[in-house]
Amino acid sequence: MPGNGVEGGGGGEAEGILRRQAARESAARTYARSLPIVPVRARGMTIEGADGRRYLDCLAGAGTLALGHNHPVALEAIRSVLDSGAPLHVLDLATPIKDAFTTALLETLPPELADHARIQFCGPAGTDAVEAALKLVRTATGRGGLLAFSGAYHGMTSAALAATGDTAARATVGDADARVTRLPYPYDYRCPFGVGGTGGAELSARWTASLLDDPKGGVQPPAGMVVEAVQGEGGVIPAPDNWLRRMREITERRGIPLIVDEVQTGVGRTGAFWAVEHSGIVPDVMVLSKAIGGSLPLAVIVYRAELDAWQPGAHAGTFRGNQLAMAAGMATLRYVQENRLAERAATVGARMLTRLRGLAAHHACIGDVRGRGLMIGVELVDADADRDEYGALPAAPQLATAVRTEALRRGLIVELGGRHGSVVRLLPPLTITDEQTEAVLDRLTDAIAAADRLARKAKASGAK
Ligand code: PMP
């Protein structure tokens with residue numbers, strides 16, 4: 001790769017780049033801390049570092065890369081735009097590329113929504129689309145409040161962050177926070193009501209309904225409810241389908257727009273093209289980003305036309321016309337559909353869950369294995385600690401960190417999530433092969449065993 005700054009490669013070059021990054025980039029950098037690698041080439045599920053090492057990438061751009069890195073159809077789509085002489089920067093002007101992307105996207109969405117929908121191209125990130133969705137429903141309803149869930153993640157800009165559950169991350173959001181009513185998301189393994197199963201989800205629904213109907217419940221009249229069908233960053237927690245249907249009923253009856261954030265769950269990831277298809281609910285607003293740009297930045301909201309109370313220019317932005325992302329995104333949407341990759345995600349995901357659950361039988365530190373499609377989480381716990389009053393073991397964030405490190409050592413990239421950062425998350429591309437699936441599971445199995453062994457050793461020597 002001459003001229004790309006990494007020729008000569010090698011460990012020394014990579015170390016220099018990492019050292020300069022640590023010295024020059026902000027303290028807020030994240031993945032760069034836990035994954036000290038310098039990617040120089042990538043294809044499919046494989047990333048090659050400047051030091052020549054190869055990794056299986058189960059982070060896939062935080063769930064962005066439905067087709068993995070540099071998929072030929074995405075590259076071809078990008079190349080054809082470049083070769084066509086089409087303008088790359090067009091603000092929000094109409095173009096044939098945008099027209100085709102919009103048609104392709106609407107074709108994938110639930111027809112009850114798409115047939116009478118409006119689409120807003122937002123700034124390029126998921127958080128921009130969340131921000132737009134919240135502004136849209138506030139404008140349309142004239143109400144300021146918002147219903148959001150414990151464990152939610154919606155982004156890092158002010159309103160999106162206010163809707164996010166992470167208390168530490170929200171410390172800077174100021175007043176935006178006061179308008180959010182936090183509701184309990186069903187979390188079977190650590191049920192907020194101590195009952196779990198369908199009982200826990202039903203209590204969450206009843207709590208929501210009774211709070212909304214209580215004139216002294218303290219809820220600021222809500223402009224909308226924002227929810228993830230599977231919480232990703234919150235620890236890979238799939239919401240029961242019936243609970244989502246209850247949320248749809250509760251909001252519909254009370255005239256509250258339902259916003260489903262499919263930034264991470266979309267484009268086949270959960271085993272359906274959109275995660276709402278599992279429950280069959282039709283949201284009023286869908287927030288879409290990550291995979292829809294075919295690895296490039298793109299974010300939109302699609303919403304019921306009746307909500308379109310915006311004045312011209314009410315929501316603007318310079319970067320709403322990323323032609324390369326629309327072309328790559330359209331190619332990705334089509335490829336996922338034509339190759340039935342949602343079904344493939346469901347099959348491979350189910351196989352991975354089965355094997356990981358088998359592994360849990362041999363490792364007490366694996367508290368829970370859960371997921372939907374290729375959104376999988378392994379929650380690690382301190383098996384030697386006392387259980388809490390509801391019988392749950394404490395989270396084991398240090399062990400999870402050690403698993404991530406041991407995985408990286410074995411050539412496997414995974415990230416952590418969850419309330420305490422103790423959930424190992426797997427978000428492989430939907431194109432993962434059977435062979436790669438086995439390799440991921442083998443490496444993760446080894447990494448968990450090694451981290452568990454190290455933790456036990458450290459405990460034993462500490463106890464002496
Ligand atoms: N919503 C969800 C459900 C997400 O998972 C994320 C990102 N992980 C976002 C919103 C924010 O997207 P972005 O990081 O592109 O702003």
Side-chain angles (χ1 to χ4, degrees), residues 26 28-32 34-35 58-66 120-136 146-166 169-170 172-173 176 180 185 224-239 244 247 258-270 274-276 283 285-302 317 319-320 322 325 328-329 371-377 414-419 421 423 425-427:
S26 108
R29 66 194 188 284
T30 50
Y31 304 107
S34 49
L35 304 170
C58 268
L59 178 56
T64 301
L65 304 170
Q120 163 78 13
F121 286 82
C122 306
T127 197
D128 298 311
V130 171
E131 208 77 21
L134 302 183
K135 202 163 139 186
L136 177 87
L146 181 71
L147 307 172
F149 290 90
S150 50
Y153 186 89
H154 298 294
M156 283 280 150
T157 50
S158 179
L161 190 53
T164 290
D166 188 324
R170 281 192 304 117
T172 57
V173 298
V180 176
Y185 193 84
M225 170 187 278
V226 59
V227 66
E228 295 156 272
V230 181
Q231 282 191 345
E233 309 300 323
V236 195
I237 308 174
L244 270 175
M247 291 302 113
L258 179 66
I259 304 164
V260 177
D261 180 344
E262 289 244 27
V263 166
Q264 192 164 138
T265 50
V267 194
R269 171 67 51 199
T270 69
W274 301 105
V276 290
V285 185
M286 284 177 72
V287 184
L288 316 175
S289 187
K290 290 200 197 270
I292 64 161
S295 79
L296 298 177
L298 190 63
V300 302
I301 54 172
V302 177
F319 290 108
R320 286 180 290 156
N322 190 337
R372 197 151 203 184
L374 285 172
M375 215 170 156
I376 291 174
V414 295
E415 243 311 330
L416 306 182
R419 309 298 212 271
V423 179
R425 304 183 58 210
L426 302 175
L427 290 162

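Just so you know, ligand 1 is whichever comes first in the structure, and atom 1 is the first atom listed for that ligand.
- At least one side-chain heavy atom of Leu288 sits under 4.5 Å from a side-chain heavy atom of Val302.
- For Arg320 (side chain) and Gly317 (main-chain N/O), a donor-acceptor pair under 3.5 Å exists by modelled atom type.
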Could you give the N/O to N/O pairs under 3.5 Å linking ligand 1 and the protein, each with its distance?
unit_1   : atom_1 : unit_2 : atom_2 : d
ligand 1 : 1 (N)  : Tyr153 : O      : 3.4
ligand 1 : 1 (N)  : Asp261 : OD1    : 3.3
ligand 1 : 1 (N)  : Asp261 : OD2    : 2.7
ligand 1 : 5 (O)  : Gln264 : NE2    : 2.8
ligand 1 : 8 (N)  : Glu233 : OE2    : 3.2
ligand 1 : 8 (N)  : Lys290 : NZ     : 3.1
ligand 1 : 15 (O) : Gly126 : N      : 2.9
ligand 1 : 16 (O) : Gly126 : N      : 3.4
ligand 1 : 16 (O) : Thr127 : N      : 2.8

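- Looking at Gln231, its side chain never comes within 3.5 Å of a backbone N or O of Tyr153 through a donor-acceptor pair.
- Not counting sequence neighbours, the partners of Glu131 by the side-chain hydrogen bond (donor to acceptor under 3.5 Å, both in side chains) test are Thr157.
- Counting only N and O atoms by type, the side chains of Ser34 and Glu415 include a donor and acceptor under 3.5 Å apart.
- Side-chain polar atoms of Gln264 and Glu233 form a donor-acceptor pair below 3.5 angstrom.
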